[in-house]
Every structure is written in structure tokens, then in C-alpha cells.
2 protein chains.
Amino acid sequence: MSLLKLISFASRRVFTDLAVRPQRAALGFSGFLGLRERNTNLPNYRTMATTNTLSSGVKLSVENMNQNVVKLQYDVRGPVVLRAGDIEQELKKGVQKPFKRVIRANIGDAHAMGQQPITFIRQVLSMVANPELIESSNMPKDAKDRARDILCGMLGYSAGSYTMSCGVELIRKHVAKFIEARDGIKSDYNNVCLITGATTGIKMILEMICGELGGKTSAVMVPIPQYPLYSATLVEYGLGQVGYFLDEDHNWGLSLEELERAYSEGSQCSAIRAIVIINPGNPTGQVLTRKNIEDVIKFAYKHKLLLLADEVYQHNVYAEGCKFFSFKKVMTEMGPPYSTEQELASFMSISKGYMGECGLRGGWMELLNFDPIVQAHLYKALSAILCPTSLGQAAVDCVAKPPKEGDPSYELWLTEKNCVLGSLKERSVMIYETFKNMKGFKCNVVQGAMYAFPRIELPQKAIEAAKAARRPPDVFYAYRLLEETGICVVPGSGFGQRPNTYHFRTTILPQPEMLTEMLNIFQKFHQKFCDEYA
Amino acid sequence: MSLLKLISFASRRVFTDLAVRPQRAALGFSGFLGLRERNTNLPNYRTMATTNTLSSGVKLSVENMNQNVVKLQYDVRGPVVLRAGDIEQELKKGVQKPFKRVIRANIGDAHAMGQQPITFIRQVLSMVANPELIESSNMPKDAKDRARDILCGMLGYSAGSYTMSCGVELIRKHVAKFIEARDGIKSDYNNVCLITGATTGIKMILEMICGELGGKTSAVMVPIPQYPLYSATLVEYGLGQVGYFLDEDHNWGLSLEELERAYSEGSQCSAIRAIVIINPGNPTGQVLTRKNIEDVIKFAYKHKLLLLADEVYQHNVYAEGCKFFSFKKVMTEMGPPYSTEQELASFMSISKGYMGECGLRGGWMELLNFDPIVQAHLYKALSAILCPTSLGQAAVDCVAKPPKEGDPSYELWLTEKNCVLGSLKERSVMIYETFKNMKGFKCNVVQGAMYAFPRIELPQKAIEAAKAARRPPDVFYAYRLLEETGICVVPGSGFGQRPNTYHFRTTILPQPEMLTEMLNIFQKFHQKFCDEYA
């Protein structure tokens with residue numbers, strides 16, 4: 001077997017194993033054992049550990065490697081998505097399929113689905129990368145000025161220099177101004193830290209609370225369903241996960257009672273240190289009301305929990321009557337003790353919004369009411385990974401300080417921004433209208449973000465067929481959808497869902513024409529699927 | 001006190017505390033206690049842990065946060081360097097100093113010290129960022145073709161799309177070709193993983209071995225002196241550090257006897273899982289011979305240690321008779337069992353070499369003889385952080401596949417590359433010649449990399465003055481140097497050194513004129529310092 005095949009095979013085995021774990025767990029098998037069963041040629045770490053050969057070390061194997069990494073799951077790029085990649089390769093090779101292309105509705109990757117970049121951002125980026133263009137090209141004056149400003153903030157006037165670990169000071173100041181304009185509340189740039197995408201910041205904050213407290217393992221409250229970066233990181237860092245359910249019957253709302261229930265149950269055996277809120281919601285698309293946010297802040301304050309506000313979709317609000325309120329704004333306006341004592345880390349990214357610049361890896365976090373010594377240790381730890389990417393920071397600058405009225409680039413920028421957000425709004429409606437009218441589907445309004453998370457009723461026979469195939473029913477459904485239509489979505493189990501309910505996450509990102517096609521195909525597939533297992 | 005001042009104050013306190021830890025440890029104080037003494041207003045975690053108030057959580061404090069993060073040190077951006085930043089601010093404000101500017105010789109940040117970017121890299125980058133330029137600008141045809149090729153490897157023809165977690169396939173293939181041309185040995189691109197600078201890859205590999213084996217904590221062998229990313233990451237991940245000393249009297253050579261000594265001592269209380277080799281050396285500048293590398297491979301094989309080869313300075317070899325051999329080449333040419341069984345992860349970066357593109361955050365690692373299932377778990381874990389930055393990858397492509405003879409960009413590229421490397425070579429000699437002739441200095445030939453690590457004899461009275469100032473003597477010296485001359489170097493204790501020896505690391509990166517000035521000032525300072533404490 002060639003190496004490519006071997007790794008590919010191993011990948012499938014790893015991911016397949018992960019995909020079937022919920023079932024196995026139910027059957028009393030762990031994923032660990034599951035891998036073992038099929039790898040009898042691997043050294044047995046547990047046996048070795050009791051022999052003298054241990055003193056000469058062991059080769060790295062799935063059994064003696066970091067078990068948290070083994071357990072980690074991230075289904076947004078998981079087994080169904082890997083299979084989608086294989087299918088694309090097969091199509092290229094001319095393998096006949098009942099469809100001509102894979103529609104990747106698994107990940108919030110706007111440009112990959114045809115969204116065009118914002119011209120201003122790219123003009124500035126190209127000049128920061130290649131300063132010669134500032135003089136030689138005919139790009140707009142404001143873009144040129146911006147490139148110059150950014151370069152002046154970089155040592156040696158080059159994006160090739162390391163920046164400060166928290167980012168270029170000028171850009172941090174622009175971010176602080178952006179936050180001030182958004183909230184109408186002062187922001188201190190010393191609390192703003194630029195990061196390599198929100199992911200880096202979130203992981204860094206979660207790392208701060210690793211450990212034990214009072215003999216109990218630290219744990220974090222996360223919504224169910226949640227974005228699997230959280231569950232993956234908690235497993236990776238050995239932190240406990242305490243899920244609080246969002247209320248599907250009330251548009252994925254968040255109730256104080258459920259928070260208290262989850263806290264009360266979770267704190268029996270773990271030391272709950274923090275709570276994650278995703279607003280607008282991923283994968284659920286809801287936008288929290290101001291009242292909801294106040295409740296969460298009171299809850300966090302009461303239990304002295306660090307608040308992680310994942311606000312990367314703050315530009316993506318579509319539904320009538322919905323409005324984005326930042327946790328910072330609400331918390332500050334609530335006054336003391338919340339405004340002065342509640343610890344908050346809020347996260348923003350250039351990967352979402354109207355920019356969709358996922359590949360550039362840029363973002364920021366703002367820290368509020370952190371103990372200054374804790375914050376200093378955090379910044380010190382960041383210095384060991386040197387700095388976020390300079391060009392990602394340059395893009396952050398363009399998002400934090402876009403062209404303003406009167407600037408040469410303003411009209412085009414505004415048109416492009418409105419065009420993207422307007423089209424996303426239309427698509428959010430298309431998806432909602434289609435799914436909510438499909439038999440056996442329940443779909444909430446997509447108020448914001450980039451996803452729908454519909455619930456599907458699966459026929460009993462389909463559930464049995466899934467069991468026979470050793471796959472959770474929603475995974476079984478997603479595979480069938482992919483194999484038969486080329487549509488790639490992520491099964492609900494990758495995000496978490498109430499027991500015996502089945503969902504999937506789809507993005508709203510396919511361009512309108514492709515989305516229409518996708519929804520048509522989807523309807524036909526579902527009908528056929530239900531008929532088959534009726 | 002303003003927030004800026006408070007954080008700044010806390011930073012200093014954190015860093016000062018870290019800087020004095022070696023002393024405190026000797027006095028029986030831990031850094032932890034050191035912080036405590038001065039923070040009596042902080043909640044006492046240990047007390048709280050025994051009271052009922054714990055059930056309502058605690059605010060995040062230096063006492064209940066992740067203690068590994070508290071302990072982590074990274075002196076390349078540590079206290080002396082923070083002070084250098086303060087001094088720069090003071091100079092800007094017109095504070096009178098005995099010098100006019102700070103010379104930052106603390107970090108391998110070439111562009112910050114005036115090195116010019118390679119034109120081809122920046123042309124390609126600007127067109128990948130702004131594809132409109134491919135048609136509209138008058139950049140060379142090969143640069144345009146390259147930008148097109150890279151964009152074709154990105155979904156939606158945009159650097160704004162996520163790439164695969166291991167990077168763009170086309171770029172991974174170009175890296176594999178680069179490795180093949182370098183070593184004359186086949187490279188499989190499936191084993192090549194693009195990363196956000198070598199740092200990310202190194203941390204990921206170290207994370208794989210976290211945990212315990214046979215009741216002992218996993219540990220890693222690192223050279224002393226070492227690049228502090230290693231010591232910082234080991235502390236962060238709770239891994240043990242087993243230092244093996246490089247032989248200063250033999251040009252920082254690496255002896256098998258010392259490796260065995262360190263292994264034998266270290267394995268008494270830890271499970272040694274891996275060994276780190278930095279070649280060319282950082283901070284020590286030596287280039288390993290082929291024989292040395294063979295010895296290390298045999299040693300690693302014998303003890304079944306994963307080999308981490310930090311080869312980011314592979315372009316930076318200056319001394320006559322020295323040549324870079326990759327661990328992969330030597331291991332493969334040694335034949336079985338080494339070529340077929342020894343696990344190796346080798347790391348490369350675009351931050352060093354002739355490119356010096358630190359801010360772009362690009363690099364790669366090649367994995368050899370990893371268990372395919374382990375490798376699959378590693379790739380899975382990488383998928384949760386989505387992907388390395390797309391523009392960093394584009395720059396990696398230019399390094400892996402530079403213009404070739406006959407291409408329009410070739411002549412300029414070659415001239416620029418030779419100019420940088422030639423000048424670095426001259427500067428490596430300048431530094432060596434100056435330091436080796438200074439009284440009380442011992443300096444080895446800078447065979448490669450970007451640093452000298454001279455040893456300084458300090459007068460006994462200076463050592464006593466350092467003690468009185470609660471600073472290790474080398475830290476005391478570096479502060480004095482900074483305050484009196486504006487020259488910023490990193491004390492040897494940040495890298496590790498034999499007890500009662502004192503060193504500092506300086507880069508060779510100041511441009512020739514500035515370097516001449518720096519060396520003159522340095523000589524005068526040292527003379528004055530020695531006279532003062534004679």
C-alpha cells in the first residue's frame with residue numbers, strides 16, 4: 001500500500017472510529033478500545049509499561065500518545081467532509097456519480113463558495129505586501145495611505161518583521177476605535193489583542209483555566225448545540241464540558257433556568273470556571289436579545305464565571321427586529337458590579353461578516369476586568385508564539401477602520417458590503433422557507449450567522465439501518481445525502497443535540513443559483529430517503 | 001493608576017519575578033510565592049478551596065490560573081526586551097540618555113534590522129492578495145504565473161478561503177520537490193505539513209507526547225543552551241526537560257557521551273520520549289558534522305526517541321568547511337533500521353534563511369516513519385485550528401520553488417539572495433573577531449544561524465552587585481548594557497548555560513554600519529563595566 005493510501009486509510013479509520021464512538025460508548029466500548037481492536041500489530045503500551053523495555057523508550061503509537069489528542073473530534077472537517085474530498089477526486093478521475101459536483105455546505109468558507117473579496121481590503125494587502133505598488137500602481141489614495149500607515153507601524157517598514165505579540169499598536173488602536181463606535185463605550189487598546197483568527201484567542205483563554213480547583217477538574221459551560229472548536233479544545237486541554245441546552249422550540253433561545261440546571265448538575269463533579277456564549281449562534285443562527293444577554297451576565301457574575309463571548313458573526317444579522325448587542329456594551333451599561341468586576345473575553349474574526357477572509361487568519365479579542373497580573377501572564381504566553389500574521393493584521397485594520405464617507409474607496413466598499421450582506425440575508429430566508437416546509441423537517445428562522453440547523457425526523461427503519469451500519473442516524477443520513485447528491489453537510493452529532501433528535505448544519509453560503517439547485521436536490525433526496533425507509 | 005500603567009506595571013512585575021526566579025529558587029522561594037508576597041489583596045485559592053465559597057466559583061487569579069502558564073518563560077521577548085521598548089518610548093518623549101537609539105540585537109528579526117525583502121516573494125504575494133494585479137501590473141511573467149498557480153490551488157481562486165489543514169496541495173508538492181533537490185532523496189508530500197511558522201509545528205509535535213508513561217512524566221531532551229521556545233513549551237505542556245550540554249570548548253559540539261549521560265540521569269525520574277536538535281544552532285551558531293548527526297540518530301534509535309530536527313537555519317551556513325546536512329538525508333543514507341524505523345519531524349521556516357519573512361508566519365514540517373494512525377490523529381488535531389495562513393503559504397511556495405535559471409526573475413532573485421547571505425557571513429565574522437579579542441570574552445566561530453553566544457567573565461564584585469540587585473549576574477549585565485548603551489541582547493540564562501558561567505545572545509542582524517557602531521560601543525561599555533567592578 002502506498003504511503004498516501006496508508007495515511008488516507010489511517011485517517012478514515014481514525015475518523016470512522018470517532019464517528020461511531022457515540023454508538024460504541026453506548027455499547028460499552030471506548031473509541032480507544034475501538035482503535036485497539038483493529039490494530040493488534042501496534043505495541044501494547046500498557047503491557048510495555050510493566051516491563052523493563054520501557055526504560056529504552058517506546059515508539060510513538062496511538063496507545064502511548066497524548067490520549068486527549070486521540071479523543072479530540074472536529075466534525076466541521078471530519079469524516080463526512082473527508083469523504084466529500086474523496087468524491088471530488090473520484091469525479092475528477094471520471095468515476096460516474098448521480099451528480100456532477102460536490103456542494104460544500106459544511107464550513108463557513110465564503111470565498112470558497114464564490115463570494116468575492118472586498119476590493120479595499122485586497123488593495124491595501126497587496127500594497128503592504130509589496131510597498132513598491134504604493135507609488136507605481138493606480139490604486140485609490142485612501143488605500144495607498146492606509147498601506148503606508150500600516151507599514152509605518154511595522155518595524156523596518158516591512159510585513160516581514162515580527163510585530164508585537166499582541167499585534168501592531170496602530171491596528172490595536174483602530175480596533176479599539178471600532179469597538180467604541182459599535183458600542184458607544186470607551187475601549188482601551190491595551191485590552192485588545194490581535195490573534196491568528198478567533199481560534200487562537202479562544203484556545204489561549206481556555207488554556208488559562210486548565211487545571212484543578214478544590215480537587216475538581218476545571219470545566220466550561222458550552223451551549224448544545226455548539227461550535228466544535230469548543231468541545232475539541234476542552235478535550236485537548238483536559239477540561240470538563242458542561243453543556244447547557246439551547247431551546248429549539250423557542251428559536252434556539254437561552255433560558256436562565258437551563259443555565260442554572262446545567263450549572264447545578266455540572267458543578268457536582270467539576271469546578272466550572274467559564275461559560276461560552278456564541279452570538280449570533282453557530283450552528284443555530286439565533287441572535288440573543290438584550291434581556292438574554294443581561295441574564296447571562298447576571299448568571300456569570302453570580303457564579304464567578306469567566307465569560308467567553310464568541311461574537312465573530314456580529315456583522316451577520318438578517319432577521320427583522322434582531323439586533324446585535326455586544327456583551328461588553330450590555331455589561332457596561334448594566335453598571336457596577338457587572339461593569340467593573342465581571343471578567344469578559346470577546347472574540348472577533350475577519351473570517352466571517354461581510355469579509356469572509358478565512359484564509360488570512362486574522363482576528364482580535366478584547367479582555368475586560370481581567371486581573372492585570374493574569375493578563376500579563378497571558379500576554380507573556382502569547383509572546384512565545386511570537387506574533388499573529390502581519391498580513392492578517394493588515395486585513396484586520398481594514399475591517400476595524402473601513403473607508404468612511406467621502407473617501408475615494410467608500411462607495412465601492414459600501415456597495416460590496418451591502419451586496420454580500422443583502423445576498424446572505426436572502427439566502428438565509430431561502431433556506432429557512434425551504435426546510436420549514438419540508439415534511440419531517442423543523443427549521444428555525446436563521447436570524448444571523450451563516451448556518452441553518454434543521455431538525456429531521458427519521459423513519460424508524462432508517463434508524464435501524466443506521467445502527468446496522470454502526471453509524472449514528474444523523475451521520476448515516478449525512479453520508480447518504482453526500483453519496484447520492486454530492487451535498488456535504490455536517491451531522492448534528494458533531495455539534496451536540498438532545499438525545500434521540502437528529503439535525504444537520506448547512507451553511508447559507510452557496511451562491512443563490514447553486515443554493516436553489518441544492519435545495520431542490522435536497523428535497524428530492526429526502527423524499528426518496530423517507531420512502532425507502534417508510 | 002491608568003489601565004495601561006496597571007498592565008504595564010503587572011507585566012514588569014511578572015517578568016521581574018521571572019527574571020529573579022533562579023535566585024529565589026536558590027533562596028528557597030518559588031516564583032509563585034514571590035508573586036504572592038506582593039499580592040495580599042488577591043483571593044487565596046488554597047484557603048478558598050477548603051471553604052464553601054468555592055462552589056460559587058472564583059475570579060481568575062494568578063493563584064488559580066493554569067500554573068504552567070505562570071511558570072512559562074520566553075526571554076527572547078522577556079523583561080530586558082520589554083525594558084528596551086520602554087526606553088524607546090522615553091527617547092521619543094525626549095528623555096535624555098547616553099545614546100540616541102536602541103539597537104535590537106535580541107531577536108532574529110531581519111527585516112526589522114533593515115534587511116530588504118526578496119522582490120520575487122513580495123511580487124507573488126501582492127498578486128495572490130490582489131489577483132487583479134496579475135493582468136494590470138507590469139510584474140515579471142514568472143511571478144504572474146506563480147501567483148496564478150497558487151490561486152488555482154485555493155478554493156474559489158481566493159486567498160480568503162480556508163486551505164486544507166496541512167496546506168495547499170500544490171505548495172506541499174513544491175516543498176517535497178525542494179526537499180528532494182536538497183537531499184537527493186525522495187519526499188512524499190503527504191508527509192509535508194505547512195504550518196504557521198515552525199513554532200506551531202514544534203508545539204503540535206510536542207503536544208503529541210504529553211502525558212505519562214509507566215507512571216513517569218514524559219520528558220524531552222533539549223540542548224543547553226537551547227532556543228527558549230522549547231523550554232517554554234515543555235513547561236506549558238507539563239512535559240519534563242532533560243538538558244544535554246553542548247561543548248563550548250569544542251565550538252558548541254555535541255558529544256555522544258554527554259547525550260548518554262543526560263539520558264541516563266534524566267530517565268531516573270522521567271520517561272524520555274523525544275530529543276530536540278537545533279542545526280545550525282540557536283543560540284550557539286554551530287553547524288553539525290555528518291558524523292555528529294549519525295551519532296544522534298543512532299542514539300535516538302537506541303532509546304526509541306522521537307527526533308525533532310529544528311533546521312530553520314538551513315540556508316544560514318557561513319564558515320569554511322561547514323555544510324548543512326539534513327537529518328532526513330543522513331538518516332536515509334544510513335539505511336535500515338534507521339531509514340525505515342526512526343521517527344523524525346523536521347522543521348523549516350520562512351522567517352530565517354535569506355528571506356527573513358518572520359511576520360508572514362510560514363513554514364513546514366516533514367514527518368518520517370510516523371505510525372500512520374498517529375499521523376492521522378495529528379492531522380485531525382490540526383484540522384481543529386483550520387489552516388495555516390494562506391499568504392504565509394504563498395510565501396512558502398516561493399521559497400520552496402524559487403525562480404530557476406532562465407526565468408525572468410532569476411537574476412534578481414539570485415543577486416538578492418547572495419547579497420543577504422554574503423552580508424550575513426561578513427557580519428558573522430565581524431562579531432566573532434571582535435568578541436574573541438575582547439578581554440574576558442570567549443566567543444566561538446559563528447558557523448551558521450544568526451547569533452553569537454559569547455561567554456563573559458564577570459568580576460566578582462559585579463556578581464555581588466547583581467546579587468544585591470536580586471538579578472542573575474548575566475541579567476544584571478544585560479540590563480546595564482541596555483541602560484547605558486541602548487544595545488539590547490538576551491541574557492544567557494534565558495537559553496540555559498552551565499552553572500556559574502555567563503553568556504548573552506546577540507544576533508548578527510544589525511546592518512554592517514550599525515553593527516560596527518554596536519561593537520565599538522560594546523567594547524567601551526565592557527571596559528568601563530570591568531573597571532567599575534575591578
Side-chain angles (χ1 to χ4, degrees), chain A residues 3-4 6-7 10-11 14 49 54 56-62 65-66 69-70 72 74 77 109 111-112 117 122 125-126 129-130 155-156 158-162 188 190 199 208 210-211 214 232 303-306 356-359 361 371-377 381 383-385 389-391, chain B residues 3-4 6-7 10-11 14 49 54 56-62 65-66 69-70 72 74 77 109 111-112 114 117 122 125-126 129-130 155-156 158-162 188 190 199 208 210-211 214 232 303-306 356-359 361 371-374 376-377 381 383-385 389-391:
Chain A
L3 185 65
L4 169 57
L6 197 61
I7 291 179
S11 281
V14 164
L54 183 65
S56 316
V58 289
K59 215 172 132 78
L60 193 58
S61 74
V62 72
M65 68 179 277
N66 184 339
V69 174
V70 174
L72 177 164
Y74 181 72
R77 293 197 147 185
D109 193 1
H111 290 206
R122 298 308 192 92
L125 267 189
S126 61
N130 188 0
L155 292 172
S158 171
S161 301
Y162 290 119
D188 183 335
N190 291 291
T199 300
M208 299 293 280
C210 287
H303 296 293
K304 292 200 176 57
L305 302 178
L306 166 63
E357 293 283 10
C358 308
R361 314 306 298 122
D371 179 324
I373 299 181
V374 171
Q375 194 161 335
H377 278 297
S383 80
I385 50 171
T389 160
S390 58
L391 294 175
Chain B
L3 185 65
L4 169 57
L6 197 61
I7 290 180
S11 281
V14 164
L54 185 63
S56 315
V58 291
K59 215 170 133 77
L60 193 58
S61 74
V62 72
M65 68 177 278
N66 184 339
V69 173
V70 174
L72 178 164
Y74 182 72
R77 292 197 149 188
D109 192 1
H111 291 206
R122 297 309 193 91
L125 268 188
S126 62
N130 188 0
L155 291 171
S158 171
S161 301
Y162 290 121
D188 184 332
N190 291 291
T199 300
M208 298 294 279
C210 288
H303 296 293
K304 292 201 176 58
L305 302 178
L306 167 62
E357 292 284 10
C358 308
R361 314 306 300 123
D371 179 324
I373 300 181
V374 171
H377 278 297
S383 81
I385 51 171
T389 159
S390 57
L391 294 175

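Letters go in sequence order (proteins before strands), and every chain restarts at 1.
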In terms of heavy-atom pairs under 4.5 Å with chain B, the winner among A/Ala159, A/Ala381, A/Gly211, A/Ala232 is A/Ala159
How many angstroms lie between CG in B/Asp371 and CG in A/Leu60, if you round to the nearest 0.5 Å?
7.5 Å
dist A/Met65:CE -> B/Ile373:CD1 (nearest 0.5 Å) comes out at 10.5 Å
To the nearest 0.5 Å, tell me how far B/Tyr74 OH sits from A/Ser383 OG.
7.0 Å
Among B/Leu391, B/Asp109, B/Thr199, B/Val374, which residue forms the greatest number of heavy-atom pairs with chain A at distances under 4.5 Å?
B/Asp109
Using a cut-off of under 4.5 Å on heavy-atom pairs, state which of A/Cys210, A/Gly156, A/Ser161 scores highest against chain B.
A/Ser161
Specify the closest pair of heavy atoms between B/Val69 and A/His377, including all atoms of both residues, with the distance to one decimal.
CG1-O, 4.0 Å
The interface call for B/Thr389 against chain A, heavy-atom contacts under 4.5 Å, is both
Restricting to non-hydrogen atoms, name the atom on B/Lys59 and the atom on A/Lys304 that form the minimum distance, rounded to 0.1 Å.
N-CD, 4.0 Å
Nearest heavy-atom neighbours spanning B/His111 and A/Gly160
ND1-CA, 3.5 Å
In short, B/Ala384 meets A/Leu72 closest at the heavy-atom pair CB-CD2, 4.4 Å
If you compare all heavy atoms of A/Asn130 against all heavy atoms of B/Ser126, which two are closest, and at what distance to 0.1 Å?
ND2-OG, 3.2 Å
Between A/Ala129 and B/Arg122 the two heavy atoms that sit nearest each other are O-NH1, 2.7 Å
